[in-house]
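One structure is given here, and the rest of the page talks about it.
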Amino acid sequence: MEQDQLNELMKARRQKMIQLKEKGIEPFGPGCVPTHYSADIVAQFDSLEDTNVTITGRLIGIRTHGKAAFADLKDYRGKIQIYFRRDQLGEEKYNLIELFDIGDFIAVEGSVFKTRKGEITVSVQDYRFLTKALRPLPEKWHGLKDVELRYRQRYLDLIANDEVRQTFINRSKIIQTMRDLLNEWGFLEMETPVMQTIAGGALARPFITYHNALDISLYLRIATELHLKRLLIGGLDKVYEIGRIFRNEGISPVHNPEFTSVEIYESYADYRDMMVLTEKLISECAVRVLGQSEVVYQGETLDLTPPWPRETMISIVQKYAGVDFSEISGDAAAREAARQAGLELDGKEKWGEILNLFFEAFCEEQLRSPIFVIDYPVDVSPLAKKMDSEPRLTHRFEAFMAGKEVANAFTELNDPLDQRERFERQLARREAGDKEAHMMDEDFITALEYGMPPAAGLGIGIDRVIMFLTDSPSIRDVILFPTLKPR
RNA sequence: GAGCCAUUAGCUCAGUCGGUAGAGCACCUGACUUUUAAUCAGGGUGUCGCAGGUUCGAUUCCUGCAUGGCUCACCA
């Protein structure tokens, strides 16, 4: 700020600030609690007409008419017009409005009336400066479009673009609704460590930080999964955590290095129960926040009303890629099918990884209306329980809509011996250079050895759900301060 | 990480086939007691992202860099 060259606009505002001080008016004065919000005055005009109100807010427009002036005051709940008259305020006080700038915060006291043109207005009997704005606001007519400014100076975006403001209000309501629903359903919100000595529960590269006193490296969590399962072992049967997750990966319209997930665990349930919970949770958020269970996302109508169809990954791959994995038995045969389909391989992929590759390459994008893709291969599901009838597959599903994943869930693996084998397989991949492979977590296996009840777990990418419910094309539109390079 | 595109006034944008730039809003001066994108009269407020190169001359052409966007790669 200091090194900023003061342009004409800023000089003018500072000059007005100095003039205020010279007149004994503090340009950054104390607060003033309003009696009403603008929207309430408009809504309750019939009962408020001619009564006195005190309102506060930011000046967003001024129209002077010599001996009278109109201005628009924007507050938390909307905006309202205010009306200044010289014969009402007295010459001295009236002339001071010359020192108003768009962007200033003021408090006004006055009576409610309606103008000739029918605009509900507060006729000012007295006013006070609250805060001088030393920089000009973005232009009101076109708003703020420069995406870089919008992200770096989100406060300007929130002032200038009402739909952005509404998106973040809805974000808050959606998360609150999730909490309400989960609490209503008997789940308890938990808080587990963000800094961990082993980053587990997902296949992803973690961020690393350092603790001075302990002289150890710590990872920022990539999932809340393994700690929440420890809570099931401890007898907290139904738990969830809403919180920030950190993954040291690329940035895209659907990926931000830090994002918000909700993970939900229910003892004695299985993945079918989690499908019912998922569709209820997401559709009910839409109903409670938007008033309907159908949303339009980027021109595409998504009907969130339960139940959503369930279809196996093998069946979907057969449908969209024309390859029937129930007829393919070994790793080599699967790789041959992949080569014929033109998929790039490094030659070490297992059957289940190939099936997943087919799914990602040919199917994901096709899944437009909400659907549960079920029965994921064990090779890509190190924490999910195997199917008894088909040990190459697990009781796992992911929910998709508009071609994007929004939820992932499975019947939890609670066999400590099987879990150890899965970790060891991941470890081998890690040693082969796969930085996203799971780490060995002895402490978690020890916990499993004490016995974890059969359970199901669910993870939802909250930011993506919010994208769908607010019709936002990029995850950056639903994260207040998305990760950017420093300027 | 790769490719493509963008970066001009406070904001939204136009423009210069190479001669250092313009509009609307905002802002400044004045008029105006029911306006509301107020109106009327006057005023242009700029490191044309940064650094080099070519040139008599670069905001414009070339190269590099920075930041952002999109696509791809990456990504339970």
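Keep in mind it's a predicted model, so treat the numbers as computed, not measured. First the proteins, then the strands, lettered A, B, ... as listed; each starts at 1. The basis for the numbers below is simple: all heavy atoms, side chains too, and nothing from hydrogens, waters or symmetry mates.
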Under 4.0 angstrom, heavy atoms only, what part of the nucleic acid is A:Asp146 near: base, sugar-phosphate, or nothing? sugar-phosphate

To the nearest Å, give me how far apart CD1 (A:Ile102) and P (B:A38) are. 8 Å

Heavy atoms under 4.0 Å, any strand shown: does A:Lys114 hit a base, just sugar-phosphate, or nothing? nothing

Aromatic ring pairing A:Tyr271/A:Phe397, orientation class (parallel under 30°, perpendicular over 60°, tilted between): tilted

Between P on B:G10 and NE2 on A:His142, what's the gap in Å once rounded to a whole number? 17 Å

Taking B:A37, B:U12, B:U45 as options, the one with an atom nearest any side-chain atom of A:Lys140 is B:A37

Would you please determine if the base of B:U35 is stacked by A:Phe70, with stacking meaning a centroid separation under 5.5 angstrom and planes under 30 degrees? yes

Can you tell me, in whole Å, how much space there is between the P of B:G18 and that of B:C25? 32 Å

Between A:Arg247 and A:Arg63, name the one whose nearest nucleotide on RNA chain B is closer to the 5' end. A:Arg63

Taking the P atom of each, how far is B:U7 from B:C48, in whole Å? 14 Å

Would you mind telling me which of B:U36, B:C75, B:G68 lies closest to the side-chain atoms of A:Gln81? B:U36

The side chain of A:Phe113 lies closest to which of these nucleotides: B:C27, B:U34, B:A37? B:U34

Identify whether any heavy atom of A:Thr64 sits under 4.0 Å from a base atom; if not, whether one sits that close to sugar-phosphate; answer base, sugar-phosphate or nothing. base

A:Glu148 side chain: which of B:G68, B:C28, B:C75 is closest? B:G68

From the options A:Phe468, A:Trp308, A:Phe359, select the one residue that forms a ring-ring contact (aromatic ring centres under 6.0 Å, His included) with A:Phe400. A:Phe359

Does B:U34 have its OP1 or OP2 closer than 4.0 Å to a side-chain nitrogen or oxygen of A:Lys117? no

A:Arg58 CZ to B:A26 P, straight-line distance once rounded to whole Å: 17 Å

For A:Glu225, report the nucleic acid contact type (base, sugar-phosphate, nothing); a contact means any heavy atom under 4.0 Å. base

Between B:C28, B:U33, B:A76, which nucleotide gets closest to the side-chain atoms of A:Lys16? B:C28

Base, sugar-phosphate or nothing for A:Gly143? Non-hydrogen atoms, less than 4.0 Å. sugar-phosphate

Base-paired stems in RNA chain B, each at least three Watson-Crick or G-U pairs under 3.5 Å: B:1-7 with B:66-72, B:10-13 with B:22-25, B:27-31 with B:39-43, B:49-53 with B:61-65

Describe the nucleic acid contact of A:Leu383 in one word from base, sugar-phosphate, nothing, applying a heavy-atom distance below 4.0 Å. nothing

Of the nucleotides B:G69, B:A26, B:C28, which has the atom closest to the A:Val147 side chain? B:G69

Is any side-chain N or O of A:Lys145 closer than 4.0 Å to OP1 or OP2 of B:U7? no

Tell me what A:Leu156 touches on the nucleic acid: a base, only sugar-phosphate, or nothing, going by heavy atoms under 4.0 Å. nothing

Which whole-number value in Å describes the distance from A:Lys11 NZ to B:C27 P? 18 Å

Round to a whole Å and report the spacing from CG of A:Leu393 to P of B:A76. 19 Å

To the nearest angstrom, how far is A:Glu91 atom CD from B:U33 atom C1'? 14 Å

RNA chain B: A:Arg396 or A:Pro136, which has the more 5' nearest nucleotide? A:Pro136

Which part of the nucleic acid, if any, lies within contact of A:Pro382, taking any heavy atom under 4.0 Å across all strands shown: a base, the sugar-phosphate backbone alone, or nothing? nothing

When you compare B:A23 with B:U8, how far apart are their C1' atoms, in angstrom units rounded to a whole number? 13 Å

A:Asp157-A:Gln153 side chain donor-acceptor pair, cut-off 3.5 Å: no

Taking atom C1' in both B:U67 and B:G49, compute the distance separating them and give it to the nearest angstrom. 8 Å

Would you please confirm or rule out a distance under 4.0 Å between OP1 or OP2 of B:U67 and any side-chain N or O of A:Lys485? yes

Any side-chain N or O of A:Arg476 below 4.0 angstrom from OP1/OP2 of B:C70? yes

Anything under 30° is parallel, anything over 60° is perpendicular, the rest tilted; go ahead and classify A:Tyr37 against A:Tyr76. tilted

Near A:Lys74 NZ, under 6.0 Å, is it more than 12 heavy atoms from other residues, nucleotides or ligands? yes

Identify which nucleotide among B:A76, B:U34, B:C28 has an atom closest to any side-chain atom of A:Phe410, counting heavy atoms from C-beta outward. B:A76

Using the C1' atoms only, state how far B:A26 lies from B:U20, rounded to an integer number of Å. 25 Å

Sticking with atom P, work out how far B:G53 lies from B:A58, rounded to a whole angstrom. 11 Å

Are any of the side-chain heavy atoms of A:Ile106 and A:Leu73 separated by less than 4.5 Å? yes

Answer with base, sugar-phosphate or nothing: what part of the nucleic acid does A:Leu144 contact at a heavy-atom distance below 4.0 Å? sugar-phosphate

Less than 3.5 Å apart, any donor N or O on the side chain of A:Tyr265 or A:Glu263 sitting next to an acceptor on the other? yes

Non-hydrogen side-chain atoms of A:Lys385 and A:Asp270 separated by less than 4.5 Å: no

Just call it for A:Arg152: base, sugar-phosphate, or nothing, with non-hydrogen atoms closer than 4.0 Å on any strand. sugar-phosphate

Taking atom NZ of A:Lys435 as the centre, report whether more than 12 heavy atoms of other residues, nucleotides or ligands fall under 6.0 Å from it. no

For the pair made of CD1 in A:Ile159 and P in B:A26, what is the distance, rounded to whole Å? 17 Å

When you compare the side chain of A:Ile198 with that of A:Asp443, does any pair of heavy atoms fall below 4.5 Å? no

Nearest-Å distance for atom pair CG/C1', residues A:Leu89 and B:U33: 12 Å

Closest heavy-atom pair, A:Lys16 versus A:Phe100, reported as atoms and distance to 0.1 Å, is NZ-O, 3.5 Å

Touch class at under 4.0 angstrom, heavy-atom based, for A:Glu119 against every strand present: base

On a whole-Å scale, what distance lies between the P atoms belonging to B:U36 and B:U29? 23 Å

Between B:A21 and B:A9, how far is it from one P atom to the other, in whole Å? 14 Å

Using the side-chain heavy atoms of A:Tyr151, tell me which of these nucleotides is nearest: B:A76, B:U67, B:G69. B:G69

